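What you see is a predicted model, and the numbers here were worked out from it, not measured in a lab. Sequence lines set the chain letters: A, B, ... in the order given, protein chains first and strands last, and positions in each chain run from 1.
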Amino acid sequence: MYNQDKYDYDKNDASSIYDYAKRLINKTLREMAPSPMIIKDAPATEVKGKFGQHLEKYYFGIENNSKSEPDFKEASLELKSTPIKKLQGGRYSPKERLVLNIINYNEIVKETWEKSHFLNKNEFILFVMYLYEKDKFFLDYLVKYVNLWKLENNDREIIRQDWEKIVAKIRNGKAHELSEGDTFYLGACRKGHHEKPRGYSCSQISAKQRAFSFKTKFMKSIIHRLQDSESLIKKSDELKSKNFEEIVYDKFREFLGLNVDKIEEKLKINLNESAKNYYEVLARRMMKITAKKIEEFEKANVKMKIIRLKHNGVPKEDMSFPYFKYNEILTQNWTESDFCGQLESKFFFIVYQMDKDENKILLKKVFFWNMPAKDMEEAKKVWCKTQNIISQNVFDSFPKKSENEVSHVRPHARNKEDTCRAPDGNSYTKKSFWLNSQYLQSQIEKN
DNA sequence: GCATGATCATGC
DNA sequence: GCATGATCATGC
């Protein structure tokens, strides 16, 4: 039975359950939910569903049941564990469809969508996704994602339509003709291969047992959404002992001063070093991030930037920003300009440096940075001069690097023909604001 | 060796 | 096809 003392979560509160569940990330059931009994290794066929049962019983302390109400009924939350597999390139995809509640042919025909057992049980789901590996015992599967998921928006509508279609077929006495191809996201899949076809109220013809399921491709979309952004904070109590910056810096600590080969070796990875985004990918891997976006950086509008220093400490390149539109600059003032907005955000600099002797690139330092107010004033000068020049239709005297210690303007396009319309009616090669490498150097040395 | 112009590579 | 981050190429 559920025991509030033993299991450290509040069963009435979905976010408390979620926090407790998040402790599973990158852990196995063997570590997190030891069983009082000895569980013997068993062939894979007998293991199906064991992960979920074990998770419920020994991690959450709820008795396995197949009731039509959600597993955490006070929080209206259903617990679902599901296997995922790793693709080449490190991303994840579902191993199989997610089987939901069994369709009761006699009961469902009396239901409406809003009051359906299906919706009641599956509207709000706590996903625990574990990495399936063929030769592993289920207690040793690694949990990769824990996610609170709600059926909403367009997905909800399409699934409602799928549900209606399935129910209509049953009402018409055609349950034996149900097929997964009937519907889009929600399928009526076979469940229990040894089950004999059974009769039901709407038909003389008996039908095989089926269950609702989220199709594999639909599961794929859920997993992809998860991978789109990933949190840097892996444990919910981490922020109690460290601030966010420390958490981030700690991730890099063991790699500082190492060359990139050593870093890869340490991470046990082998990246394509000639890729243009190599240093960025490497930085993500040091942070243990496989997603495209970093959740906290998104929310805080932190821009991650790679800076590569030559052995003398000067950045190899100036830092570019998105190109500006000549016409747009004329209509804006500094504070509402794109460039001002870009400079006002916080940056996370990852600095690599070329080592003179060994000809290797080392991880030099990482730090959060935002532009000091007095330097913003300098950038403002550059922006104002740019605006002025455009208003006078002079397109050959944009602020040069030598004119300002912080920033300058220069082309930023695919080629000379990649142009943008200007107020004088002509088009000119796209240009953007850049931060001077020497300026970046001074900021790197200060931090 | 640096400033400036030009372009590549990737991802959406 | 384009935006963007990253990088190359040229000339002084």
Rounding to an integer number of Å, can you tell me how far [X] [atom1] sits from [N] [atom2]?
X      : N     : atom1 : atom2 : answer
A:D396 : B:dA6 : CG    : C1'   : 17 Å
A:R421 : C:dC2 : CZ    : P     : 15 Å
A:K401 : B:dC2 : NZ    : P     : 9 Å
A:K316 : B:dG1 : NZ    : P     : 15 Å
A:L282 : C:dA6 : CG    : P     : 14 Å
A:D318 : B:dC2 : CG    : P     : 11 Å
A:E417 : B:dT7 : CD    : C1'   : 11 Å

Item to complete: Check the pair A:N26, A:K144 against side chain to side chain donor-acceptor pair (under 3.5 Å), reporting the backbone distance first and the verdict last.
Response: CA-CA 6 Å; A:N26 286 326; A:K144 292 313 290 183; 2.9 Å; yes
Discussion item. Could you go through A:K430 and A:D418, starting from their C-alpha distance and side-chain angles, then the distance that decides it, and tell me whether this counts as salt bridge (charged side-chain N to carboxylate O under 4.0 Å, His left out)?
Written reply: CA-CA 6 Å; A:K430 288 174 182 167; A:D418 187 18; 2.9 Å; yes
Does a side chain donor of either [X] or [Y] reach within less than 3.5 Å of an acceptor in the other side chain?
X      : Y      : value
A:N122 : A:N101 : yes
A:S442 : A:E445 : no
A:S407 : A:E378 : no

Give every pair of a protein N or O atom and an N or O atom of nucleotides 9-12 of chain C that lie under 3.5 Å apart, one pair per line with the distance.
none

Partner set under side chain to side chain donor-acceptor pair (under 3.5 Å) for [X], not counting sequence neighbours:
X      : result
A:R160 : A:E157
A:K385 : A:E403
A:K365 : none

Item to complete: Enumerate the residues from residues 333-343 of chain A whose closest heavy atom to DNA chain C is under 4.0 Å, giving them by residue number; use none for an empty result.
Response: none
Worksheet item: Where along residues 437-447 of chain A does a heavy atom fall under 4.0 Å from DNA chain C?
Response: none
Worksheet, complete the sentence: Bend of the helix from B:dG1-C:dC12 to B:dC12-C:dG1 from end-axis comparison, five pairs per end, nearest 10°, comes to 30°
Practice prompt. Scan for salt bridge (charged side-chain N to carboxylate O under 4.0 Å, His left out) pairs involving residues 316-334 of chain A, sequence neighbours excluded, and state none if there are none.
Written response: A:D318-A:K401, A:D318-A:R410
Which residue pairs satisfy the side-chain hydrogen bond (donor to acceptor under 3.5 Å, both in side chains) criterion with at least one member in [range], sequence neighbours excluded?
range                       : result
residues 248-257 of chain A : A:K242-A:D250, A:D250-A:R253
residues 329-340 of chain A : A:N333-A:T335
residues 209-220 of chain A : A:R198-A:Q209

N/O to N/O distances under 3.5 Å, protein versus nucleotides 3-5 of chain C:
{"unit_1": "C:dA3", "atom_1": "OP1", "unit_2": "A:Y323", "atom_2": "OH", "d": "3.1"}
{"unit_1": "C:dA3", "atom_1": "OP2", "unit_2": "A:K430", "atom_2": "NZ", "d": "2.7"}
{"unit_1": "C:dG5", "atom_1": "N7", "unit_2": "A:H412", "atom_2": "NE2", "d": "2.8"}
{"unit_1": "C:dG5", "atom_1": "O6", "unit_2": "A:H412", "atom_2": "NE2", "d": "3.3"}
{"unit_1": "C:dG5", "atom_1": "N2", "unit_2": "A:K276", "atom_2": "NZ", "d": "3.4"}

Item to complete: Grab the two heavy atoms, one from A:F339 and one from A:A379, that are nearest each other, plus how far apart they are.
Response: CE2-CB, 4.1 Å
Worksheet item: What pair of heavy atoms forms the shortest contact from A:L258 to A:I263, and how long is it?
Response: O-CD1, 3.7 Å
Practice prompt. Find the distance between CD (A:E280) and CG (A:L271) and round it off to the nearest 0.5 Å.
Written response: 11.5 Å
Worksheet item: Which sits closer to the 5' end of DNA chain B, A:P411 or A:N277, going by the nucleotide each is nearest to?
Response: A:P411
Worksheet item: Parallel, tilted or perpendicular: which fits the ring planes of A:F252 and A:F348, with parallel below 30° and perpendicular above 60°?
Response: tilted
Worksheet item: Can you tell which of B:dC2, C:dT7, B:dA6 lies closest to the side chain of A:K310?
Response: B:dC2
